[in-house]
Number of protein chains: 2
Amino acid sequence: MFAHMRPTIKDIAERAGVGLGTVSRVLNDNPRVSEMTRAKVMGAVRDLNYVPNLAARGLSMGKTQSIAVIAPFFTRSVFVERLHGIEETTSASGYDVVIYNVDAVEKRDRYFRTVPDPRRVDGVIVISLPPTATDVARFQRSSVPVVFVDVGNPLCQPFDRIVINDVEGGRMATQHLIDLGHRRIGYIGDVPQAGFNFTAGEDRFAGYREALAGSGIEIRPEYHLDGRFGREVARELAHRMLGLPERPTAIFASNDTQALGVLEAARDLGLDVPGDLSVVGYDDIEMTDFLGLTTVRQLLFESGRRSVDALLRRIEEPEREPLCDSLPVELIVRRTTAPPR
Amino acid sequence: MFAHMRPTIKDIAERAGVGLGTVSRVLNDNPRVSEMTRAKVMGAVRDLNYVPNLAARGLSMGKTQSIAVIAPFFTRSVFVERLHGIEETTSASGYDVVIYNVDAVEKRDRYFRTVPDPRRVDGVIVISLPPTATDVARFQRSSVPVVFVDVGNPLCQPFDRIVINDVEGGRMATQHLIDLGHRRIGYIGDVPQAGFNFTAGEDRFAGYREALAGSGIEIRPEYHLDGRFGREVARELAHRMLGLPERPTAIFASNDTQALGVLEAARDLGLDVPGDLSVVGYDDIEMTDFLGLTTVRQLLFESGRRSVDALLRRIEEPEREPLCDSLPVELIVRRTTAPPR
DNA sequence: ACATGTTGTGGAAGCGTTTCCATGGGGTAG
DNA sequence: CTACCCCATGGAAACGCTTCCACAACATGT
């Protein structure tokens, strides 16, 4: 028994009594094959339990049937949900998904340099990582389709991209607090991680300022604190902000995780939410529902889905105009916001 | 400019004025190359910005430099954290990770059939999905190393596996409640999803029964409810259980997500936790810390890390004895458990 | 009758690597 | 000085597929 020797198209060809080219044509649904021959080949395929060698096919065709996702901190809920959308759409089209997790700037640079290679993957989805001009130039040369998700950077204009209007989201969150009657509204955001240049935070902050300015509310620098992403840090920042002589009656956190930290700080200080303090988050990750956190929902899963759609479309038709798909944001009011006392 | 033509080793060879074999040897750190030639080749590599073609290498060597992870519902925290361990360890060794998410039985079967193919991946990690005897036979024939994580099934004995002692974990959680003085202890678990045969739930329940039996506490069937995984369902189950004439003073939920549902139900009913009701979860996913949920910690990240270690070791030495690595569980006492009133 | 398609087919060439074998030059030991 | 061996090297073969070209057989139009 040659149980260990995987059959090749040559084996199929011999068994079916046809030539190599014919087998290949059958396997690729080329119409130039007679019904009879097709049946013989398919029979042999079944008999020998043939499975094509993807490396060989890839080498010959210059296609790999796999796409890469380059994402930072892929364990954070935001990315997990986007990934979910990507995975679901991708697996439906028979492509494999290879994940490149970026947890350091060097890794991003390495992946940006080596992954977008037509001999490695058929397409790349980049999430939340703005490229430099050099990166962009390289991507364009590489001939691999690249789609950006959540990257506002104008350098990306030559590529398909799925963007989120974070300014608007920040504005909505803040406006909601203003509408409730708040005037002393704090903002807690994540400091752009060294070298990553995430833009979401800044945009949300811009929305915050816009809303305040629109209502003629003074922007007080002591009401703005940034810290490394994470609950613990946000908790400390909130402690600090809530310890101010004239403390805010509401805090908008630039993401739900930091909003949790704010809630924790409020709990520490014995402040009632929303009685003494209103809190708004951003992203609407799964557990905000449990906590009753008022937040700004962005269509995370959908953003993943659409990025794959865009990528596959471009693989089909490389020459179309780059599309820019803007996803809506929506305010979800729950139990952590109320008029100030 | 031939900007679009990726250089091959042939180009390198010409530019460096050496032969193809020599280039290949340099690239593969073969010691049989003089320092001078090596330098010339490396120079050419840099000049031409050469990147090896992985498909070609894979075809030639029968290796792909990528490993597959087959996991159910990869967006659930438990899997995300295991994946994190896998990703981190894998990327450090230069392998790619391809994710196959199983959200339906058919997908599991399809992946089990097609993924473990030596021409597709160098190794496979299967998480929480017990194989059938047929699957096992196929895996063994396929010659691709397979490592199981969180699969207790005895059929997996021929393979490396990382197991978690869920019986012990369930026992510890329950014993903790008993030690606090509880006698009426409920159990809420997830019903084995049709066809998936997850075993963790049953094991944890077995531990629960053991602990009760060990303390001579009667096992009351009305204190045992199973439902589909998820917060909402668990919340309903908890409602039902807490509506019993003689309601439990403590509930052990088979996983943290369901424990959240229990907490929600307690909140709905105005029960104080831990005053009126103690709650214990399982897994110690990230947010349990925030909620102060007492739970059983299993080393999720570590399980991922070790599965990769095991896999790479087996790729190196295919003939070693299958290892069975058992990870410890640990009770983390927080704020949701206390003696009964 | 012949030129002209059309259809199905076989097989060689080529994709970019690694690996194996052959070769030549230099060193070392006799 | 010879015999031997080792080291560095070049290049052919092989990996399994797709694709292109050539060709045979037959149909069609004049």
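Each chain gets a letter, A, B and so on, in the order its sequence line appears, and its residues count up from 1.
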A.B. asks: Which atom pairs link the protein and nucleotides 6-8 of chain D when you take only N or O atoms and keep those under 3.5 Å?
C.D. replies:
{"residue": "D:dC7", "atom": "OP2", "partner": "B:Arg32", "partner atom": "NH2", "Å": "3.2"}

A.B. asks: Look at the side chain of B:Ser303 and the backbone N and O of B:Leu300, then say whether any donor-acceptor pair between them is shorter than 3.5 Å.
C.D. replies: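 Pair found, side chain donor or acceptor close to backbone of B:Leu300.
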
A.B. asks: Heavy atoms under 4.0 Å, any strand shown: does B:Arg119 hit a base, just sugar-phosphate, or nothing?
C.D. replies: nothing

A.B. asks: Between A:Thr89 (side chain) and A:Gly85 (backbone), is there a donor-acceptor pair under 3.5 Å?
C.D. replies: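 Such a contact is found between A:Thr89 side chain and A:Gly85 backbone.
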
A.B. asks: Determine the contact category for B:Ser24: base if any of its heavy atoms lies under 4.0 Å from a base atom, sugar-phosphate if only primed atoms, P, OP1 or OP2 are that close, otherwise nothing.
C.D. replies: base

A.B. asks: Could you give the NZ-to-P distance, from B:Lys40 to D:dG10, as a whole number of Å?
C.D. replies: 7 Å

A.B. asks: Please give, in whole Å, the distance from D:dT9 P to B:Ile9 CD1?
C.D. replies: 15 Å

A.B. asks: Taking the side chain as every heavy atom from C-beta outward, state whether B:Thr114 and A:Val51 have any atom pair closer than 4.5 Å.
C.D. replies: no

A.B. asks: Could you check how far CG of A:Asp11 sits from C1' of D:dG16, rounded to whole Å?
C.D. replies: 10 Å

A.B. asks: Less than 4.0 Å between a side-chain N and a carboxylate O, is that true for A:Asp160 and A:Arg313?
C.D. replies: no

A.B. asks: Before accepting this row, confirm whether a basic side-chain N of the pair B:Asp309/B:Arg305 lies closer than 4.0 Å to the acidic partner's carboxylate O.
C.D. replies: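 No, B:Asp309 and B:Arg305 are not salt-bridged.
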
A.B. asks: Tell me whether the guanidinium CZ or amine NZ of A:Arg76 lies under 6.0 angstrom from the six-membered ring centre of A:Phe73 and within 45° of its axis.
C.D. replies: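 The answer is yes, since A:Arg76 meets both limits relative to A:Phe73.
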
A.B. asks: Are B:Thr132 and B:Val136 close enough that some pair of their side-chain heavy atoms sits under 4.5 Å apart?
C.D. replies: no

A.B. asks: To the nearest Å, how far apart are A:Leu20 CG and C:dA13 P?
C.D. replies: 14 Å

A.B. asks: Look up atom CZ in B:Arg82 and atom CZ in B:Arg306, then write down how far apart they are to the nearest 0.5 Å.
C.D. replies: 12.5 Å

A.B. asks: May I have the distance from A:Asp29 (atom CG) to D:dT18 (atom P), rounded to whole angstrom?
C.D. replies: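 Answer to the nearest Å: 11 Å.
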
A.B. asks: In this structure, how many angstroms lie between the P atom of C:dC21 and the CG atom of B:Asn30, rounded?
C.D. replies: 15 Å

A.B. asks: Of all of residues 51-63 of chain B, which get a heavy atom below 4.0 angstrom from DNA chain D, listed by number?
C.D. replies: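 When residues 51-63 of chain B is checked for heavy atoms under 4.0 Å from DNA chain D, the hits, listed by number, are B:Leu59, B:Ser60.
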
A.B. asks: In whole angstroms, how far is the C1' atom of C:dC15 from the CG atom of A:Asp117?
C.D. replies: 14 Å

A.B. asks: Rounded to whole Å, how long is the line connecting atom CD of B:Glu14 with atom P of D:dT9?
C.D. replies: 18 Å

A.B. asks: Quick check on B:Met61: does its CE atom have over 12 non-hydrogen neighbours (other residues, nucleotides or ligands) under 6.0 Å away?
C.D. replies: yes

A.B. asks: Nearest of C:dT18, D:dG11, D:dC17 to any side-chain atom of B:Arg25?
C.D. replies: D:dG11

